Amino acid sequence: MRAQSSATSPTSIAVGAPPADAPASPAGARPSARLGTLQAALGVVAFSLTFPATAWGLESFGPWALVAVRSVLAAAMAGGCLLFLRVRLPERRHWAGLAVVAAGVVLGFPMLTTLALETSTTSHAAVVVGLLPLTTALFSALRMGIRPSRTFWAAALAGAAAVLAFTVAQSGGALTAADGYLFAALVVCAAGYTEGGRLARVMPGWQVIGWALVGCLPLTVPAAVVALSYEPVVWNAHGVAGVLWVAAGSQFLGLVVWYRGMAAVGIPKASQLQLAQPLLTLVWSVLLLGEHLTAAAPLTAAAVLVCIAVTQRSRS
């Protein structure tokens, strides 16, 4: 594996460098943490466009065709990078983790949220993103034995509650069939994020999502052929732009920087940056879809930013 060979190559060890197991100095740790936070934040920005782009994509494609086509396009990008760089297959011990990433991030979350967006607005669907940081932190605690501090949990719960209150108020508080899809998407995505963040510690983040996408091709290519034959395609600029963004931005490039960020700063802290994602999604919904916001938006934004600041400063 490429990441493993670079770590063990004699040329990768600088003369006079400290031992591999030596603790990093505070001065050296800060840039890495800042870069990881920036990468995770870029991932959040990319993800915040997913729901509006999906709504655009549904103008041209049916739900099944949209999910299959976006996965095939993203896999083509990832596979091209893997082939060009001659990356070797991941070790067998990582295959189970990659399968979890594929099931949660490549297949489950896109399919469930696309089905939800057929009958739900993007602002209502944003509730799933508001709960995702807390759910991801719970999954990481169970999977990796991470135990964040009480302050961390209090801030995370407060931020999730603020986002939930805002998004539920936007939708009138009614629970529909779309909510079942959204809550299921929440669970599978949190599992995929957690496993992807764990794997990004032992291989580059882009390879994590790249192999997950390529591994799904035996399923997504036939699914795309069948779906396109049954669901008529109505070509327009919105539909093309939407499917291209969810394929390139949301499904591949966004996950590349997201997994790198999680590997650098830790899954719980990186996941809390997603508390800002519903608010960003609402902004895009206004600009791109013409949806309307209430006066509660700036108050919620302020509360979420405070919660993010607390979680980023709290220690495990």
Side-chain angles (χ1 to χ4, degrees), residues 40-41 43-44 46-48 50-51 97 99-117 120 122-168 171 175 178-200 208-209 212 250 254-255 258-259 261-263 265-281 300 303-304 307-308 310-312 314 316:
V44 170
F47 300 154
S48 70
T50 299
F51 288 167
V100 174
V101 175
V105 178
V106 177
L107 300 176
F109 186 79
M111 186 71 258
L112 292 166
T113 53
T114 300
L115 290 173
L117 285 171
S120 173
T122 57
S123 59
H124 182 77
V127 69
V128 90
V129 181
L131 289 175
L132 192 54
L134 180 59
T135 310
T136 303
L138 287 172
F139 268 82
S140 67
L142 294 173
R143 177 69 177 88
M144 304 172 65
I146 298 173
R147 296 293 182 269
S149 65
R150 293 181 178 179
T151 302
F152 177 97
W153 284 115
L157 287 169
V163 172
L164 271 174
F166 178 69
T167 52
V168 170
S171 64
L175 295 178
D179 293 310
Y181 292 129
L182 293 172
F183 286 119
L186 175 72
V187 174
V188 298
C189 189
Y193 277 175
T194 299
E195 203 65 22
R198 184 187 68 81
L199 288 173
V208 174
I209 186 58
S250 304
L255 285 168
W258 173 244
Y259 282 141
M262 283 200 295
V265 301
I267 295 173
K269 286 192 175 182
S271 67
Q272 298 314 300
L273 292 172
Q274 281 195 305
L275 287 169
Q277 185 174 325
L279 301 177
L280 290 173
T281 299
T300 307
V304 167
C307 292
I308 292 175
V310 173
T311 58
Q312 293 300 302
S314 65
S316 301

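All residue numbers in this chain count up from 1 along the given sequence. Atoms considered below: every heavy atom in the structure, side chains included; atoms not considered: hydrogens, waters and symmetry mates. No experiment lies behind these values; they were computed from the predicted model shown.
In terms of heavy-atom proximity, A270 sits nearest to V265 at CB-CG2, 3.7 Å. The shortest non-hydrogen separation linking A303 to A162 is CB-CB, 4.4 Å. When every heavy atom of G108 is checked against every heavy atom of V188, the shortest pair comes out as C-CG2, 4.0 Å. In terms of heavy-atom proximity, G104 sits nearest to P110 at O-CD, 4.4 Å. The two residues V304 and A276 make their nearest non-hydrogen contact at CG1-N, 3.8 Å. The two residues L199 and G97 make their nearest non-hydrogen contact at CD1-C, 3.6 Å.
Proximity of a side-chain donor or acceptor of S120 to a complementary backbone N or O of L117 within less than 3.5 Å is not detected.
Qualifying side chain to side chain contact (heavy atoms under 4.5 Å, CB included) partners for L107, counting only residues two or more places apart in sequence or in other chains: C216, L219, T220. Every residue two or more places apart in sequence or in another chain was checked for a ring pair (Phe, Tyr, Trp, His ring centres under 6.0 Å) with Y259, and none qualifies. Listed by chain and number, the residues in a side chain to side chain donor-acceptor pair (under 3.5 Å) with T122 are S285, E291 (sequence neighbours excluded). When the side chain to side chain contact (heavy atoms under 4.5 Å, CB included) test is applied to V100, the partners found at least two apart in sequence or on another chain are A191, E195. For A116, the side chain to side chain contact (heavy atoms under 4.5 Å, CB included) partners are A178, Y181, L182, not counting sequence neighbours.
A 4.5 Å side-chain heavy-atom check between F109 and T114 finds every atom pair outside the cut-off. Within the 4.5 Å cutoff, the side chain of F47 has heavy atoms near those of the W258 side chain. Counting heavy atoms from C-beta outward, V101 and Y193 have side chains that stay 4.5 Å or more apart. Residues V208 and L255 fail the side-chain proximity criterion, which asks for heavy atoms closer than 4.5 Å.
Note that the CZ atom of F51 and the CD atom of Q277 stand 7.5 Å from one another [nearest 0.5 Å]. Distance check, rounded to the nearest 0.5 Å: OG1 of T113 to CG of L186 gives 11.5 Å.
For residues 104-114, the set of pairs meeting the salt bridge (Lys or Arg N to Asp or Glu O under 4.0 Å) definition, not counting sequence neighbours, is empty.
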